Protein chains: 2
Amino acid sequence: MTPAGRRGTSAALSPAAVSAIAGELRLACMRISRRVRFESTHEVPPHQFSVLARLQEAPRTPGELAEIERVSPPSMTRTVAALVERGLVARTADPSDGRQVILSLTPEARRVLREIRRRRDQWMTVRVKSLTPEEQDILRQAASILSRVAGE
Amino acid sequence: MTPAGRRGTSAALSPAAVSAIAGELRLACMRISRRVRFESTHEVPPHQFSVLARLQEAPRTPGELAEIERVSPPSMTRTVAALVERGLVARTADPSDGRQVILSLTPEARRVLREIRRRRDQWMTVRVKSLTPEEQDILRQAASILSRVAGE
DNA sequence: TATTGTTATACTCTATAACTATA
DNA sequence: TATAGTTATAGAGTATAACAATA
């Protein structure tokens, strides 16, 4: 009866133990995030990257982007203008509503996004590679749990 | 011979598998970090929080802080001025070198830091609590591995 | 008249260059 | 003369308020 681990079933952890795990995980995630951001921040500033990522999911209007990114419409106008200027975002008129503008990624933007993500993943890949197979296996299982936690 | 997991020993993962795990972990960490930051960002802006955290490690001069935070000395002057104004940082003259200034946290700053960290940890604690004991156990093991990865 | 988006203006954080005080 | 820190000034990003075009 080990305290936990290596078994198909585990005893429930004490609230204090859960808090300790949560605190350590939280801090580790924030540190990793900072390191990764620092690694790839020289191509596109964070707020521009965030908008590009949203537009990769689907074309959107400036108003939608402002709401999603929790930023004011004038700020989004400015950010979008910078991205259009850089040739990363294309503007097209909405055929059914003349007030709206449809924003979408250019091929160049898709290339830039791929490159940034590749570099970010590489930072983490190098570190996971250096772990033992047992540690890698724990992280394999943790990855799907943390994805679920992050997505909630 | 299971592909991986539940055993004391694991087979080495393929490079592609390692990359996939790293990518998923990286993304999850960044999402969690963003959520946590959003949760507690209303007390002190990020750059001020970062300086307070550095000063909690040890009292430092403005120049040291500027170098650590990779920011220009004038920017640090400004950030420090705001923190002094808010009563979170105290300035004392260096007795051995009249050009330098020693910055340290006030008791109020320690209280604010505790409160911010408490709220951040709480966000994560709530989510870890909702997992099964088996999942919690995986995260318990993952936490120490990720801490090591983050600290490198 | 309401909605979408932009322009006008101001505040904050960042930077580089110039300046003051001390070593 | 070199170093620590501040002040002067300018460049992004954010915001609110006012405006133009369309529904």
Side-chain angles (χ1 to χ4, degrees), chain A residues 34 37-38 40-55 58-105 109 112 116, chain B residues 34 37-38 40-55 58-105 109 112 116:
Chain A
R34 181 193 293 199
R37 240 183 307 122
F38 191 80
S40 64
T41 236
H42 304 294
E43 299 238 12
V44 174
H47 66 288
Q48 289 186 14
F49 176 84
S50 196
V51 166
L52 292 180
R54 294 301 184 177
L55 289 179
R60 297 181 203 276
T61 66
E64 285 168 352
L65 286 173
E67 188 173 3
I68 292 170
E69 294 295 313
R70 313 227 189 193
V71 109
S72 69
S75 292
M76 189 49 69
T77 291
R78 200 184 167 84
T79 299
V80 167
L83 288 168
V84 169
E85 174 94 16
R86 291 184 62 171
L88 299 176
V89 164
R91 314 173 46 135
T92 54
D94 185 327
S96 68
D97 185 339
R99 297 169 303 179
Q100 295 195 116
V101 181
I102 312 285
L103 303 171
S104 58
L105 296 187
V112 167
I116 291 174
Chain B
R34 181 193 295 196
R37 240 183 307 123
F38 191 81
S40 63
T41 236
H42 304 292
E43 300 237 13
V44 175
H47 65 288
Q48 288 185 16
F49 176 84
S50 196
V51 166
L52 292 180
R54 293 301 184 178
L55 289 178
R60 298 181 201 275
T61 65
E64 284 168 351
L65 286 173
E67 188 172 3
I68 292 170
E69 295 294 313
R70 313 229 188 192
V71 110
S72 69
S75 292
M76 189 50 69
T77 291
R78 199 182 166 83
T79 299
V80 166
L83 288 168
V84 170
E85 174 94 14
R86 291 185 61 171
L88 298 176
V89 164
R91 313 173 46 134
T92 54
D94 184 326
S96 68
D97 186 340
R99 297 169 303 179
Q100 294 196 120
V101 181
I102 311 284
L103 303 172
S104 58
L105 296 187
V112 167
I116 291 174

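All figures in this text were calculated on a predicted structure; none of them were measured in a lab. Quick note on labels: first sequence line is chain A, next is B, and so on, each numbered from 1.
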Sidechain-backbone polar pair: T77(B) side chain, P73(B) backbone, donor-acceptor under 3.5 Å:
yes
Looking only at dG5(D), dG13(D), dA15(D), the nucleotide nearest the S72(A) side chain is dA15(D)
Ranking dT3(D), dT7(D), dA23(D) by distance to the side chain of D97(A), first place goes to dA23(D)
Whole-Å distance, R91(B) CZ to dA4(D) P, equals 16 Å
note: I102(B), atom CD1; dG5(D), atom P; distance rounded to Å ~ 8 Å
Here the distance between atom P of dG13(D) and atom CD of E69(A), to the nearest Å, is 14 Å
Contacts of P95(A) and S75(A) projected onto DNA chain D by closest heavy atom; the upstream (5') one is S75(A)
The first and last nucleotides of DNA chain C lying within contact of chain A, meaning any atom under 4.0 Å from one of its heavy atoms, run from dT3(C) to dT7(C)
Rounded to whole Å, CZ of R78(A) lies from P of dA12(D) at a distance of 8 Å
Between Q100(A) and P74(A), whichever has its closest DNA chain C nucleotide further toward 5' is Q100(A)
R70(A) CZ to dT14(D) P, in whole Å, measures 15 Å
Here the salt bridge (Lys or Arg N to Asp or Glu O under 4.0 Å) pairs for residues 64-93 of chain A, sequence neighbours left out, are R54(A)-E69(A)
Rounded to whole Å, the CZ-P distance (R60(B) to dG5(D)) equals 13 Å
| Crowding at CZ, R34(B) (>12 non-hydrogen neighbours, <6.0 Å) | no
*asked:* Show, in sequence, the C-alpha distance, side-chain angles and deciding distance for V51(B) and I68(B), and conclude whether the side-chain contact (heavy atoms from CB on, under 4.5 Å) test is met.
replied: CA-CA 9 Å; V51(B) 166; I68(B) 292 170; over 6 Å; no
Say whether, by atom type as modelled, one donor and one acceptor occur between the side chain of T79(A) and the main chain of S75(A) under 3.5 angstrom. yes
Ranking S96(A) and T79(A) by the position along DNA chain D of their nearest nucleotide, the one closer to 5' is T79(A)
In whole angstroms, the gap separating C1' of dG13(D) from CE of M76(A) amounts to 12 Å
Inset, instruction - Take R60(B) and L103(B), measure what side-chain contact (heavy atoms from CB on, under 4.5 Å) needs, and give me the verdict at the end. - result: CA-CA 5 Å; R60(B) 298 181 201 275; L103(B) 303 172; 5.9 Å; no
Inset, instruction - Please examine the side chains of V89(B) and L55(B), heavy atoms only from C-beta on, and report whether any two atoms are closer than 4.5 Å. - result: yes
note: H47(B), atom NE2; dT14(D), atom P; distance rounded to Å ~ 15 Å
